[in-house]
Amino acid sequence: MKRVQKFAVDVTLDPETAHHDIILSDDGKQVRRAKGQQPGLPDNPQRFSQGPCVLGTQSFSSEKLYYEVQVKGKSEWFLGVAKESVNRKGTITLSPLNGYWTIYLNNGNEFKAAADSVVVLSLKSRPQKVGVFVDYEEGLVSFYDVEAAVLIYSFTGCSFKEKLLPFFSPGLYLDGRNSAPLIITPVGVK
């Protein structure tokens, strides 16, 4: 973990990309699903129109970076990185072919990687905080269980040809059972 944590970057959420059904904190560090659509958000080309998704404001290319996200108390979430040019309108299919490198939790206990065909992940413990590491030059996106200090999954051999952005989705509201926020936390803080 120490090897990747030294590449920590400060990530904030971009309100211009946030879907109408999610709420961002004022500091841009938390995202949670709303009970319904947020009024008054203008449609723009950057905003996701169907999936409850948001991108980070910081784009990157030709470097290594790492950030951590608290997923505690959630029964559904999606995390990873996306190409700057991803389609944000209509139905979104998360996969490297579509410019997304993500892992996710659904149904409260099913961990998966959204590879070109879905990969079921067998984890010894349920992550409370997930670390995301990208090595742009090596074509690597790795996910870590921060507290257990173990690798969850890696996308390898990726060919990045444009800027990448951090990707987040708090998942569905599920009648309040998934109302906890995803929280971007300072690296190394318990």
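For the numbers below, each heavy atom of this structure counts, side chains included, while hydrogens, waters and symmetry mates do not.
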Hey, any chance [X] and [Y] share a hydrophobic cluster, counting ILVMFWY side chains that come within less than 4.5 Å of each other, even indirectly?
X	Y	result
Y66	V69	no
F133	L123	no
V4	F60	no
L105	I184	yes
V150	L140	no

Please name the residue in the list F168, Y104, F111 that meets the ring pair (Phe, Tyr, Trp, His ring centres under 6.0 Å) test with F78.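 It is Y104, the one option of F168, Y104, F111 that forms the ring pair (Phe, Tyr, Trp, His ring centres under 6.0 Å) with F78.
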
Any sub-3.5 Å donor-acceptor pair from [X]'s side-chain atoms to [Y]'s backbone N or O?
X	Y	answer
S169	P52	yes
H19	V54	no
K29	V11	yes
T17	L55	yes
S49	G90	yes
R88	P45	no
R32	I23	no
N107	N109	no
Q50	F48	no
N98	I92	no

Output the distance between atom [atom1] ([X]) and atom [atom2] ([Y]), rounded to the nearest 0.5 Å.
X	Y	atom1	atom2	result
Y67	L79	OH	CG	6.5 Å
F167	W101	CZ	CH2	12.0 Å
L94	I103	CG	CD1	12.0 Å
L182	K129	CG	NZ	13.0 Å
L164	E63	CG	CD	9.5 Å
T102	F155	OG1	CZ	5.5 Å

Check: So which pairs with a foot in residues 69-83 pass side-chain hydrogen bond (donor to acceptor under 3.5 Å, both in side chains), sequence neighbours left out?
Finding: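 Matches after skipping sequence neighbours: K74-N178.
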
Please report the C-alpha distance between H20 and R47 in whole Å, then the side-chain angles of each, then the deciding distance to 0.1 Å, and finally whether the side chain to side chain contact (heavy atoms under 4.5 Å, CB included) criterion is met.
-> CA-CA 8 Å; H20 293 279; R47 191 176 306 285; 3.6 Å; yes

- Message: One pair to check against side chain to side chain contact (heavy atoms under 4.5 Å, CB included): E68 and Q5. What are the steps and the verdict?
- Response: CA-CA 9 Å; E68 294 179 351; Q5 286 179 323; 2.8 Å; yes

Minimum side-chain heavy-atom gap [X]-[Y] below 4.5 Å:
X	Y	result
V120	E110	no
N87	K89	yes
P127	I152	yes

Shortest non-hydrogen contact between [X] and [Y], atoms and distance:
X	Y	value
S179	Y173	CB-CE1, 3.9 Å
V146	G131	CG2-N, 3.4 Å
Y100	A82	CD2-CB, 3.7 Å
A114	P96	O-CD, 3.2 Å
R3	Y144	NH2-OH, 3.5 Å
G56	L165	O-CD2, 3.5 Å

**Report entry** Within 6.0 Å of NZ in K112, more than 12 heavy atoms from elsewhere
**Finding:**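 Correct, the count exceeds 12.
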
For atom CD of E84, decide whether the heavy atoms of other residues, nucleotides or ligands shown that lie under 6.0 angstrom number more than 12.
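Yes, the 6.0 Å shell around CD holds more than 12 heavy atoms from other groups.
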
Ignoring hydrogens and angles, state whether a donor on the side chain of T12 or Q58 is under 3.5 Å from an acceptor on the partner side chain.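 A pair is found: one side chain offers a donor N or O, the other an acceptor, under 3.5 Å apart.
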
